[in-house]
Protein chains: 2
Amino acid sequence: MNQIIDRPGVNTDAAKGKGERTRERILEIAEQAVLQKGFGATSIEEIICEAEITKSGFFYHFKDKNELARALLLRHIDQDEIILDQVFNRGQELTDDPLQQFLIGLKMLAELVEDLPNGHPGCLIAVYCYQERLFDQEVRQLNQQAVLGWRDRFRTILDRVVVQYPPNEPVDLDELADMVSTVVEGGIVMSKALGRPQMLANQIMLLRSFVKLLFAKQAG
Amino acid sequence: MNQIIDRPGVNTDAAKGKGERTRERILEIAEQAVLQKGFGATSIEEIICEAEITKSGFFYHFKDKNELARALLLRHIDQDEIILDQVFNRGQELTDDPLQQFLIGLKMLAELVEDLPNGHPGCLIAVYCYQERLFDQEVRQLNQQAVLGWRDRFRTILDRVVVQYPPNEPVDLDELADMVSTVVEGGIVMSKALGRPQMLANQIMLLRSFVKLLFAKQAG
DNA sequence: GAAAAACTGTACCGGCGGTAGGGTAATGTG
DNA sequence: CACATTACCCTACCGCCGGTACAGTTTTTC
C-alpha cells in the first residue's frame, strides 16, 4: 500500500498517468541536453530519439519548442524551491539563533552540491538569461520571478539576523541576499569551466566565511 | 601622425588590412549574437546579413563554425586581459600597500562595469561552459586556461596581501582568487536575469567588503 | 465496452550549416 | 604599370531540423 495518494496535480510519481510520466521523461532528457548544449542547439529530434517516442508524440505534449522551454523552467524552479526549503528549514530546526540558522543552511547547501556525483548539472536560469533572445516575454518574467524569489528567501533570514547581529560593515541586505544566488551561479560556471565540481561547494563555503565575518561580534 | 606602428600582428585598428577589418566586424557581430542567443542558435546567415557579406565571404575567413567559436573566445580572452591589466595595474600606481591595491582594483572594476551603457554584455567563458558539448577539446582547454589565468592574477596579488595582513579567518588563497571570477560570472547572470545592470557592480563591491573584513586589522 | 488519452505514421515546407567550385574586384608589391 | 595575392561574390547543391497537418491506432481509464 505504497501509493494511496491520487489527487490530480499532487500525484506521487507512481500514481501519475502514463502521459504525465512520458512528459516528465521528455523534460528530464531535454533539461540535460539544454544544460550541456544550450536551448537553441538542442534538437527535438535527439530528445524524441532518447525518449523513444515519435515526433508526433512530442508535439502532443508540447505545442512547440517555446512551450517546452516554459515547462522546463517551471519544473526547474519548483525543484530548486524544494531543495532550498529542505536545506534552510533544517537550519531552523537545529537552533533558534538566526545567524546560526543561515550558516547551517549554507553549510548544508555546500555539502549537498559537493555530494552530486557528476557535479552540479547547471542552472536553467543562467542558461535562459544567456539566451534571452530565444524566449518570449513570459519565460523571461518567470526567470526574473525565480531570482526575486531567492532574494526574498534570504532577505527574510537576514532581516532576522541583523536584529541580533549588527553588521561590522555597512551592507544592503537585498544585495547580500542576492550574493547567495551570485555565488551559486558563478560557482556553477567555475565548476563547469574547470571541470572541478568541488569548486561550487568551496565558493559557497567562502561566502559563509564572509557572512560570519560580517555578523560575528568583534572581540572588545 | 597618429598611426606610425605597422608591425604585422601588432597593428593598430587603422593600419589593419581590409580582410582583417572584415574579420573583426564578423567577430564583433557574432559575439553580440552569441551572448544574446547562445552559440548553437546563432546562425551564420544572420551574421553575414548584418556584416553585409556573402556566405562565401564568411567561409573565406573561417573554415567552419568551430573556427569562429575559437576565434571569438581568443578575442574575448585578450580583451578581458587588457581590461584587467588596466584596472589592477592602476591600483599599483596609486599605492604600495598590496591590500589597498586590490581594493582599488575591485572598486575600479565595479565602476567600469557600472558605466557600461547597456550593462555588461556577458562573458563568453560562461556561454561556452554552458554549451560545452558544442565545442571541441581545444576550445574547452582554452576556456579552462582563461579561468586559470584569472586565478593566477588574483592569487599573485593575494600572496602579497597576506604577508602584511594575516587573514581573520582561515582561507584558501586560490579559492579566494577564484571568488573574483565567481562573483563576476554570477553577477553577470544576475544582472541579465533581472535586467538591472547595476547588480554586477553591487556584487563586486560586496566582494570588496568581504576582502576588507577578511584582511583588516582588528581593533584591539 | 465505450470514451478519452496517448500516442504512431506519413508527407511536406522552409531555413540553416556546410561544401564545391568558378568568377571577379580590390589591394599591395616589385 | 604589371602582376600576384587577397578578399571576396555567385550559383547550386546536400542533409538535418523545427514545425505543420492530419488521419490512423493503441492504450488507459472510467
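Convention: sequence-line order gives letters A, B, ...; per-chain numbering from 1.
Heavy atoms of B/Ser43 sit under 4.0 angstrom from primed sugar atoms or phosphate atoms, though from no base atom.
The side chain of B/Thr22 contributes an N or O atom lying less than 4.0 Å from OP1 or OP2 of D/dC8. One finds no side-chain N or O of A/Tyr60 lying less than 4.0 angstrom from the OP1 or OP2 phosphate oxygen of C/dC7.
Between the side chain of A/Lys55 and the base of D/dG19, at least one donor-acceptor pair of N or O atoms lies under 3.5 Å. For A/Thr54 against C/dG9, no side-chain N or O and base N or O form a donor-acceptor pair under 3.5 Å.
Between A/Phe62 atom CZ and C/dC7 atom P there is a gap of 11 Å when expressed in whole angstrom units. Whole-Å rounding puts the A/Glu24 CD to C/dC7 C1' distance at 18 Å. Regarding B/Lys37, its NZ atom lies at a distance of 12 Å from the C1' atom of C/dC16, rounded to whole Å. For B/Arg25 and D/dA7, the CZ to P distance is 13 Å, given to the nearest whole Å. Computed from coordinates, the B/Ile48 CD1 to C/dG15 C1' distance equals 12 Å when rounded to whole Å. Spacing between atom NE2 of A/His61 and atom C1' of C/dA6 amounts to 7 Å, rounded to whole angstrom units. Spacing between atom CG of B/Leu134 and atom P of C/dC16 amounts to 18 Å, rounded to whole angstrom units. At whole-Å resolution of the value, CG in B/Leu68 and C1' in C/dG17 are 12 Å apart.
For the pair B/Thr54/B/Ile48, no side-chain contact is recorded, criterion being any heavy-atom separation below 4.5 Å from C-beta on. Between A/Arg208 and A/Val211, every side-chain heavy-atom pair lies at or beyond the 4.5 Å cut-off.
Applying the ring-ring contact (aromatic ring centres under 6.0 Å, His included) test to pairs two or more places apart or on separate chains, those with a residue in residues 134-159 of chain B are B/Phe39-B/Phe135, B/Phe88-B/Phe154, B/Tyr128-B/Phe135.
The 5' end of DNA chain D is approached more closely, in terms of each residue's nearest nucleotide, by B/Glu52 than by the other of B/Glu52 and A/Gly40.
Atom CD of B/Glu93 has more than 12 neighbouring heavy atoms from other residues, nucleotides or ligands inside a 6.0 Å radius. No more than 12 heavy atoms of other residues, nucleotides or ligands lie within 6.0 Å of CG in B/Asp96, so this atom counts as exposed by the packing criterion.
Listed nucleotides: D/dC8, C/dC16, D/dT20. Nearest to the side chain of B/Glu45: C/dC16. Listed nucleotides: D/dG18, C/dG18, C/dG9. Nearest to the side chain of A/Ile44: D/dG18.
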